[in-house]
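The shown structure was predicted, so the numbers you read here are calculated from the model rather than taken from an experiment. Counting begins at 1 with the first residue of the sequence.
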Amino acid sequence: MSTSESGPRDTSIPPEAPDAKPRVHPVDEVLPAPRLTILGLQHLFIMYAGAIAVPFVVGGALKLSAATIALLVNADLLVAGVATLIQAVGVGKLFGVRLPVVAGATFTVIPPMITIAAKFGGEKGLPYVYGAMLCSGVFGLLIAKPFAKVIRFFPPLVAGIVITVIGLSLIGPAAAMIAGHDTEDPHYGQVSHIMVAFAVVFGILILARTLRGFLGQIAPLLAIIVGAVLALFTHSWSGSTRTHSWDLSGVGHADWLGLAAPFHFGAPKFDAAAVISMCIVMLVTYTESTADMLAVAEMTGKELTGSDITRGLAADGLSALLGGSMNSFPDTLFAENVGLVQMTGVRSRWVTAVTGGFLVVMGVIPKVGAFVAAVPEFVVGGAALVMFATVTAVGIQTLKKAEFHGNNNLLIVATSLGLSLLPAYAMDRFGNSIFFEKFPSWAQIVFGSPITIAVVVAFTLNLVFNHLGGGSAIPVPRPVAVSGTSPALSPLPAARPAAGSDAAAGLALQRSPAASPLP
C-alpha cells in the first residue's frame, strides 16, 4: 500500500535524498574482510564438534577403519561447507535461504544409516545407505515447496515452543561434550574438564560485559582460545592411559590434500525399506531446519517469505544428493550457530558464507581439519552450552508475543514442552534416547527427535484449540506482495479481537528490535 493510501507521510523521518544509496539490511551487509574472517572462524569453532560427530559415531558403530572414518570426516566437512555457502549466498531462485546460518550433518540420520548398513553387511551395506540417501534428496526437492507452506501456521505461539525445545533438547549434548559421552566411564565428569568448560562460560560473560564493538562480538571465540590455553594444563584418559587433553598426533598423520572420489564404496544400491527410512529422515530434517530458519529470521529482523523457506529446504534436499554421491551425510541447520547470531548481534549472512568457505578448505586439506579437531571437546562444550541456552531464551522471547488470557495457550505450551522433551530426558549411558526404543524403527526416527514432536504437537494443538470448531481463532496470514518482492507473510485484516484475546498479534512472526541488535 502506498503512503498516500495509508495516510499522511510521517515527517519525523526525513526522506532519503534522490541520489542516496538504498539502505542495506544488516543480513545483506558485507563487513570488512578482517572482521568477516574472524567472525567466520568463530562460527566454525562453535559448530565443528557437532559437524564431525556424525561420521565418528557411524564409523565407530560399523567398525570402519580409521582411514575410512577420516574419509567420511573430510567428505562431511566438504558437503557441509558447500551447503553452508548455498544457504548463505543463495543460488538464484532455486536454493538457499540467504540468512546467517551454518549447515552440518544431521544427527537424525545416524540410526537409519547404522541399521541399513548393518542389515547389508556393515561397510558393504554403505552403497544401500547412499542409494537411499540419493532418493531422499530427490524426495526432498519435490516436497520443499509444499512443505514450506506450513510456515503460514507458525504464529509466535508455535514458533516459540519449537525454538524453546530446540535449545532445551541440546543441553544434554552440551553436557556430554563437557563431561563425557559415557556416564559409566570411570573418568566421566573429570573435575579439570568441567572447570575449564565453566571458565569458558564465565569468560564469555566477562568479555561480553567488558568489551565493546568488534571485540565484544567475538567474545565466544576469545573465550574458546582462553579455554584452549587452560586445557594445555589438563589431562584426559584413553583407557588406562593418562594423556594431555591436546592431542596433535592426528595433525602429523593427516595429508595436506585429500578428497575421496564419488561413490567411494561402490555404485549406489536401492532397497525399499531403506529409501522409506531416509525419506522420513528428510521430513524430520525439514522440520528442524524450518524451526531454525524461523529463529534466525526472528533474531535478525529479516522478513521470511514462503519462497525463502522453500529455497532453504531445497538446499537441505540438495545436500542429501551431494552426500549420497560424495560419501557424506544430509545436512540441517545447526542450532548452536543460531544461538551465536543472537548473542553477538552479527547478522550478516556473509559471515557464515566465510564459515562455509573454511569448511570446504578443511574438507580438501585434512591437515587443517585435524588441527581444529584437536581443540579439546570440553572447551568447545562450554561455549556450546551458552549458545544452546541462548536459543531457548529466544524461544521464550518469542512466546512473550502470544496471548495467554482467555484461551488454552498455556495448556498448549505445557503439553508441547512435556511431550517433546520426553526423548531428551530418557537416555542410555551413551546419551542415546531410549524412550521409544520398543517402537518400530520408523517411529523411532520420527519420535526420537524432540524438535519433530514439538512441531507436530504444537502445530496440531494450535489448530484444534485456536482455529477449529469454537476456538478463539487467530487469523491465518496470507501472502501479500511487499515492494515488488516475493510474497511475504502478513496477517489478514481482522475484526477487533474478542475480549481477553490478542488476535491482532496475527500469525506472522513479528520482529523485535531487542532480539536483533545491530552489529
Side-chain angles (χ1 to χ4, degrees), residues 46-59 61 72-73 75-84 86-87 97 101-117 129-130 132-137 139-141 143-144 147 162 165-167 169-170 172-173 274-275 277-293 295-296 312-324 326-338 356 359 384 388 391 423-424 431-433 441-442 444-455:
I46 289 296
M47 62 82 66
Y48 187 84
I52 65 173
V54 173
F56 274 114
V57 172
V58 172
L72 293 178
V73 170
D76 175 35
L77 295 175
L78 176 63
V79 172
V82 173
T84 300
I86 291 174
Q87 291 283 23
V97 68
V101 294
V102 176
T106 173
F107 283 78
T108 310
V109 80
I110 292 177
M113 280 194 74
I114 295 174
T115 301
I116 296 168
V129 170
Y130 290 119
M133 197 179 297
L134 289 171
C135 293
S136 71
F139 171 73
L141 292 176
I143 69 166
F147 195 96
V162 175
V165 168
I166 290 175
S169 65
L170 291 170
V275 170
S277 295
M278 281 296 179
C279 287
I280 293 174
V281 169
M282 184 57 62
L283 291 173
V284 175
T285 299
Y286 272 13
T287 61
E288 294 178 351
S289 288
T290 299
D292 287 331
M293 284 186 276
V296 176
L313 297 178
D316 280 352
L318 181 63
S319 75
L321 287 175
L322 291 173
M326 296 300 296
N327 321 296
S328 183
F329 311 90
D331 288 337
T332 188
L333 304 183
F334 268 22
E336 49 263 62
N337 297 91
V338 173
L359 286 168
F388 295 153
V391 176
N432 301 311
S433 179
S441 58
W442 65 267
Q444 293 181 46
I445 296 172
V446 175
F447 299 118
S449 169
I451 301 169
T452 304
I453 297 177
V455 170

Taking only residues two or more places apart in sequence, or in another chain, which ones meet [X] in a side chain to side chain contact (heavy atoms under 4.5 Å, CB included)?
| X | result |
| --- | --- |
| A384 | M177, F388 |
| A83 | A103, S319, D331 |
| I143 | F139, L283, Y286 |

**OP:** Would you check, one step at a time, whether the test side chain to side chain contact (heavy atoms under 4.5 Å, CB included) holds for I86 with L318?
**Re:** CA-CA 10 Å; I86 291 174; L318 181 63; 3.7 Å; yes
Smallest separation among heavy atoms of [X] and [Y], with atom names:
| X | Y | value |
| --- | --- | --- |
| C135 | V275 | CB-CG1, 3.7 Å |
| G140 | M282 | CA-CG, 3.8 Å |
| L72 | P55 | CB-CB, 3.8 Å |
| V162 | A291 | CG1-CB, 3.2 Å |
| A132 | A274 | CB-O, 3.5 Å |
| A80 | G104 | CB-CA, 4.2 Å |

CG on L141 to CG on L321, rounded to 0.5 Å =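 Interatomic distance, L321 CG to L141 CG, rounded to 0.5 Å: 5.5 Å.
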**Asked** Which distance, rounded to the nearest 0.5 Å, do you find between the OG1 of T84 and the CZ of F334?
**Response**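 Going from the OG1 atom of T84 to the CZ atom of F334 covers 8.5 Å.
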By side-chain hydrogen bond (donor to acceptor under 3.5 Å, both in side chains), which residues pair with [X], not counting sequence neighbours?
| X | result |
| --- | --- |
| S169 | none |
| T332 | S289 |
| N327 | none |

Quick one: does any side-chain atom of Q87 pair with a main-chain N or O of G312 as donor and acceptor, under 3.5 Å?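 Between the backbone of G312 and the side chain of Q87 there is a qualifying donor-acceptor contact (under 3.5 Å).
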What do the steps show when you test L78 against L359 for side chain to side chain contact (heavy atoms under 4.5 Å, CB included), and what is the final call? CA-CA 6 Å; L78 176 63; L359 286 168; over 6 Å; no
| request: Run the numbers on L134 and M278 for side chain to side chain contact (heavy atoms under 4.5 Å, CB included), then give the verdict. | output: CA-CA 9 Å; L134 289 171; M278 281 296 179; over 6 Å; no
Please test L333 against V296 for side chain to side chain contact (heavy atoms under 4.5 Å, CB included), starting from the C-alpha separation and ending with a verdict.
-> CA-CA 10 Å; L333 304 183; V296 176; over 6 Å; no
### Task
With the side chain counted from C-beta on, respond yes when V281 and M133 share a heavy-atom pair under 4.5 Å apart, and no when they do not.
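No; the side chains remain at least 4.5 Å from each other.
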